[in-house]
Amino acid sequence: MTANPGSDRLDALLAQVLGSVGGADPRVRELVGGLVTHLHAFVRETRPTEAEWLRAVDFLVRVGQTCTETRNEFILLSDMLGVTSAVDEVNHTGPPTMTPSSVEGPFHSPAPPRPVGAWIAEGPERHRGEPAVVHGRVTDCDGNPLAGAVLDVWQSNDTGLYDSQDAEQPDGNLRALLTTGDDGAYWFRTVKPSSYPVPTDGPVGELLRAIGRHPMRPAHVHIKVQAAGHRPLTTHIFVAGDPYLGSDAAFAVKDALVTDFLPSADARFGMDGPFLAAEFDIRLVEEGDPR
């Protein structure tokens, strides 16, 4: 009697399925073959019941049905399982001086062009949140400034909501497209973002509750940067001292991205009254750099 009844039949089934994976693109064959192999190994190891399998299929159907133009539940699911961070990790290597990448998250949408130094907070948070300036320089990995770099910025407000989640915020609030000058400098005026829960009213929220996990992300500002001749970068500026830095629901925190928001009186920024300042320099890797 075999230790695992049906093992030979499972081996034969896997071989049959893998044998059917064809097509002209070798990368498609590699990806599909690897997925099939791991899925079959999961079934062999965990032996799900038919009811559990149907429940899993229903879960994935509902994930798809929850997606809208402003909410991608599949990206949220990938984030909550750490898959997005794993994909980020294998795709963004480089010299030690480069700014680390991080996940994009499910809340990116087109941002309005704004001049460097603009206020990007145009909703109620402008009058109730902690005023803040985020500033820095975009350079190559040797510190040479990159003129004409475009920064796509987005963040939540002081209560942890993005404009797509909050009827009180105008479209494009707390978002901006900024272009650096000859010195590579950028800065914008905003409010300090808040930590927040990812959406839990859908199937991903059900999963988090089922496995006993909190949905919180530490406070952060998202930035995507593009500059001619350099690799694009998507990253975060995490607010130092946030209580969720060590347990980010998206597993996206990297130490080099944690930044102090400190009291400042720097007259260069034209702020009326007390404000916080966060300095975050961005170093991009040249295209073709093999590291």
Is there a path of hydrophobic side-chain contacts, each under 4.5 Å between heavy atoms of I/L/V/M/F/W/Y residues, joining [Y] to [X]?
X: Val204; Y: Val83; value: yes
X: Met80; Y: Phe74; value: yes
X: Leu207; Y: Leu76; value: yes
X: Val87; Y: Val63; value: yes
X: Val17; Y: Val32; value: yes

Least distance between heavy atoms, [X] atom then [Y] atom:
X: Glu168; Y: Pro124; value: O-CD, 3.5 Å
X: Thr84; Y: Ile75; value: OG1-O, 4.1 Å
X: Arg175; Y: Ser109; value: CZ-OG, 3.1 Å
X: Gly160; Y: Tyr196; value: O-CB, 3.2 Å
X: Val225; Y: Ala149; value: CG1-CB, 4.5 Å
X: Ala256; Y: Pro100; value: CB-CG, 3.8 Å

Strictly distance-based, threshold 3.5 Å: is any side-chain N or O of [X] a donor or acceptor partner for the main-chain N or O of [Y]?
X: Arg209; Y: Thr200; answer: yes
X: Arg29; Y: Val21; answer: no
X: His230; Y: Ala228; answer: yes
X: Ser264; Y: Phe275; answer: no
X: Thr180; Y: Gly148; answer: yes
X: Arg189; Y: Met271; answer: no

Atom pair [atom1] ([X]) and [atom2] ([Y]), whose distance is rounded to the nearest 0.5 Å:
X: Arg137; Y: Asn144; atom1: CZ; atom2: CG; result: 8.5 Å
X: Ile282; Y: Met98; atom1: CD1; atom2: CE; result: 12.0 Å
X: Thr179; Y: Tyr186; atom1: OG1; atom2: OH; result: 14.0 Å
X: Cys141; Y: Leu284; atom1: SG; atom2: CG; result: 7.5 Å
X: Asp171; Y: Glu122; atom1: CG; atom2: CD; result: 11.0 Å
X: Arg114; Y: Leu151; atom1: CZ; atom2: CG; result: 14.0 Å

Going by heavy atoms in the side chains, are [X] and [Y] under 4.5 Å from each other?
X: Arg231; Y: Asp289; value: yes
X: Pro48; Y: Val43; value: yes
X: Val239; Y: Pro218; value: no
X: Thr66; Y: Pro203; value: yes
X: Tyr162; Y: Gln169; value: no
X: Val150; Y: Leu177; value: yes
X: Val103; Y: His236; value: yes
X: Cys67; Y: Asn72; value: yes

More than 12 non-hydrogen atoms from neighbouring residues, nucleotides or ligands closer than 6.0 Å to [atom1] on [X], yes or no?
X: Trp119; atom1: CH2; answer: yes
X: Gln226; atom1: CD; answer: no
X: Asp182; atom1: CG; answer: no
X: Phe42; atom1: CZ; answer: no
X: Glu206; atom1: CD; answer: yes
X: Arg44; atom1: CZ; answer: yes
X: Tyr244; atom1: OH; answer: no
X: Asp183; atom1: CG; answer: yes

Self-check item: Working for side-chain hydrogen bond (donor to acceptor under 3.5 Å, both in side chains), residues Glu125 and Asn173
Solution: CA-CA 10 Å; Glu125 73 286 333; Asn173 192 45; 3.0 Å; yes

Practice problem: Enumerate the residue pairs fulfilling side chain to side chain donor-acceptor pair (under 3.5 Å) with a member in residues 250-259, sequence neighbours excluded, ordered by first and then second residue. | Solution: Asp88-Lys254

Practice problem: Mind running side chain to side chain contact (heavy atoms under 4.5 Å, CB included) on Leu174 and Asp163 for me, showing each step along the way? | Solution: CA-CA 7 Å; Leu174 294 167; Asp163 60 346; over 6 Å; no

Quiz item: Taking it one step at a time, do Arg71 and Ser164 satisfy side-chain hydrogen bond (donor to acceptor under 3.5 Å, both in side chains)?
Solution: CA-CA 8 Å; Arg71 174 173 174 172; Ser164 58; over 6 Å; no

Quiz item: His222 and ring-ring contact (aromatic ring centres under 6.0 Å, His included): which partner among Phe238, Phe280, Trp154?
Solution: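 Result for ring-ring contact (aromatic ring centres under 6.0 Å, His included) with His222: Trp154.
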
Quiz item: Going through the distances and angles, do Ser194 and Thr159 end up as a side-chain hydrogen bond (donor to acceptor under 3.5 Å, both in side chains)?
Solution: CA-CA 6 Å; Ser194 172; Thr159 64; over 6 Å; no

Practice problem: May I have the step-by-step check of side-chain hydrogen bond (donor to acceptor under 3.5 Å, both in side chains) for His108 and Asp152, ending in yes or no? | Solution: CA-CA 9 Å; His108 179 261; Asp152 184 348; 2.7 Å; yes

